[in-house]
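Remember, it's a predicted structure, so these values are computed and weren't measured experimentally.
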Amino acid sequence: MTYILDKRYRLRGWKNKLGGVYDTEKKEAHFLDREYFLLLMKCDGAHDIDYDSLHEYKKGFIDDFLKEGIIRPAGFLDFLSPEQEYIIYPAEYKKSVHWSITGACNLKCRHCFMSAPHAKHGAPTHEQIIKIADSFAECGIFNVGLTGGEPLIRDDFLDIISELSKRDISVTTLYTNGWLVDEKLLDELEKRGQHPSFQLSYDGVGRHDFLRGVPGAEERTIKAFKLLQERGYSVSASMCVHKKNIDTLRESVNLLASLGVKSLKAGSMMQLGEWAQPEVAGLQLSHQENLEMIEKYIPQYFEDDAPLSIMMSGAFLYTPGDDEWGIYYKRECPADEEKKAPSCGVLLDNFYVGADGMVTPCMGMADCGYSKNFPNLFKTPLKEIIGQDSEFNKLCHTTVAEMRDKSGKCRDCKYIDRCAGGCRNTALMQGDNYYAPDEENCYFFENGWEERITAAAQPAFEEYLKRCPPKKKDKDKETKNTVNECP
């Protein structure tokens, strides 16, 4: 019997993961053990597979792949197309890249850690943009999130979208302030085969213009939310909470839910860039104030029947329909697993490219004191930067054990088995030591906030479940408290 890989799939490998099946519709790769991958490679329309002689577990593999439509019986002269044939990319596997295509912006946000109102990081030329897109394709990166500054202000924005489409690179998320989102933009995206999710910033009912520095910003953002809802786009939001908008949180969350927003990240700002200026320093929430805000809001959130998915700093997260709420700060790691457990799982499959070509594990690291240590793809090929044994990837793969060994405080901390060393981005805001402890995490556990958040959330959550029972889930596919982005 001959079998063939469905046209939707391609055989792919990366330096650290050789046996991959890439799904062109879902834009993601799945990886197989060597013996299964070798069997799958024989599903090319040319190799005859004696099904009856296979071991039972290999029969099960064939049966499952037939059922899922990954392979099918091959017809006469039915062979793999050239693009389906096995390719090994010259870099480590990265699922996606967060890419600033400009460091400039059309607003004057008081909190911008990139200082986009002053275009501190500049903007790549169109020729540089093409070279960067080529480097993504060369390394087998098929998903990008486009950000800025404000990405939509580029005159060649739609040309960039076209170039990405030509390379089979999907724009998964477009991060924008919403000012330039209109019908024409959505039409042009769809013409190019792109239908990204959108993430818009919204900073409080009646307070948005203050933070954005331009009158009318709130009106334009709400208009964009409404349009995206009408056109069927998936939309998320981020809210930077400070002393001037903290009282609008509940009203703002409910407004966003009514506008079709599915998820929200809310928390205090990073004291970098514009927000490090003396004139706004007094508006920053302390760790205590930020956590008190979250503690106060959680019961209100469940009283309102969890109107959208939410992540509040690292202290609270929940998705409506789940049977558990979570604390992102709490990433438990038993002692016998710390040598292989990553300190931050998000950094394994994702990275950031700045408008100036700087490559960092996370976007928030682009303007920290340590940034001088990061490579620049205008000087070093991306395939070398994310090569299997590169110094950059060693940082991305930092383990809990390394955090314990390289950080004096973590070495002796009784909470290391539950915080995994904390966030590297947050740690770098406090200095230039990549392995420094994350003081926000430290504050959370050392001051009893795990217990306080639990006391605020659990009773309200139990009452909420009586009104809104959790959805039944496929246990084989379920993962708890996972996120694709940092808080």
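Residues meeting the side chain to side chain donor-acceptor pair (under 3.5 Å) test with Thr380, sequence neighbours left out: none. Annotation: side chain to side chain donor-acceptor pair (under 3.5 Å) contacts of Thr176 (sequence neighbours excluded): Glu150. Remark: Arg34 pairs with no residue by the salt bridge (charged side-chain N to carboxylate O under 4.0 Å, His left out) rule, at least two apart or across chains. Applying the salt bridge (charged side-chain N to carboxylate O under 4.0 Å, His left out) criterion to Asp356, with sequence neighbours excluded, gives no partner residue. Lys223 is linked by a side-chain contact (heavy atoms from CB on, under 4.5 Å) to nothing, counting only residues two or more places apart in sequence or in another chain. Looking at residues two or more places apart in sequence or on another chain, you find a side-chain contact (heavy atoms from CB on, under 4.5 Å) between Ile101 and Trp99, Ile129, Leu146, Pro151, Arg154, Phe157, Ile160. When the side chain to side chain donor-acceptor pair (under 3.5 Å) test is applied to Tyr86, no partner is found at least two apart in sequence or on another chain. Residues forming a side chain to side chain donor-acceptor pair (under 3.5 Å) with Ser252 (at least two apart in sequence, or on another chain): Thr248.
The shortest heavy-atom contact between Gly178 and Ala224 is O-CB, 3.6 Å.
Distance check, rounded to the nearest 0.5 Å: CG of Asn143 to OG of Ser170 gives 5.5 Å. With rounding to the nearest 0.5 Å, the separation of SG in Cys419 from NZ in Lys330 is 12.0 Å. One distance of note links OG1 of Thr426 with CE of Met365; it measures 8.5 Å at 0.5 Å rounding. If you take CG on Leu174 and CD1 on Ile161, they are separated by 7.0 Å, rounding to the nearest 0.5 Å. Here Asp305 contributes atom CG and Cys468 contributes atom SG; the two are 4.0 Å apart, rounded to the nearest 0.5 Å.
Listed by first then second residue, pairs satisfying salt bridge (charged side-chain N to carboxylate O under 4.0 Å, His left out) with a partner in residues 71-92 read Arg72-Asp78, not counting sequence neighbours. Each salt bridge (charged side-chain N to carboxylate O under 4.0 Å, His left out) pair with one or both residues in residues 176-190, not counting sequence neighbours, appears once here: Glu183-Arg231, Asp187-Arg231, Glu188-Lys191, Glu188-Arg192, Glu190-Arg231. Applying the side chain to side chain donor-acceptor pair (under 3.5 Å) rule to pairs touching residues 370-379 yields nothing, sequence neighbours excluded. A side chain to side chain donor-acceptor pair (under 3.5 Å) check over residues 13-24, counting only residues at least two apart or in different chains, returns the pairs Arg8-Asp23.
Between Phe65 and Phe61, the ring center distance clears the sub-6.0 Å criterion. Checked against the 6.0 Å centroid criterion, the rings of Phe302 and Tyr318 qualify as a close aromatic pair. Ring centroids of Phe351 and His98 are separated by 6.0 Å or more, keeping the two rings apart. Ring-centre distance between Phe31 and Tyr93: below the 6.0 Å cut-off. Taking the six-membered ring for Trp, Tyr328 and Phe316 have ring centres at least 6.0 Å apart.
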List the steps, then state whether side chain to side chain donor-acceptor pair (under 3.5 Å) holds for Ser313 with Glu440. CA-CA 10 Å; Ser313 298; Glu440 283 189 13; 5.7 Å; no

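For the 3.5 Å distance criterion, the side chains of Asn425 and Asp438 fail to qualify, holding no donor opposite an acceptor. With hydrogens and angles left out, the side-chain atoms of Arg12 and Tyr89 include a donor and acceptor closer than 3.5 Å. If you check the side chains of Ser135 and Glu138, you find no donor sitting under 3.5 Å from an acceptor. A donor-acceptor contact closer than 3.5 angstrom links the side chains of Tyr51 and Asp63. For the residue pair Ser197 and Thr173, a side-chain donor N or O sits within less than 3.5 Å of a side-chain acceptor on the partner. A donor atom on one side chain and an acceptor atom on the other are not found under 3.5 Å apart for Glu402 and Ser343. Remark: the Ser201 side chain and the Tyr175 side chain contain no N/O donor-acceptor pair separated by less than 3.5 Å.
The aromatic rings of Tyr36 and Tyr57 stand perpendicular to each other, their planes meeting at an angle above 60°, with 30° marking the opposite boundary.
The shortest side-chain heavy-atom distance between Val144 and Ser96 does not fall under the 4.5 Å cut-off.
Salt bridge Lys131/Glu127: absent, no basic N to carboxylate O contact under 4.0 Å.
Put simply, the side chain of Thr221 gets close to the backbone of Asn177: a donor and an acceptor are under 3.5 Å apart.
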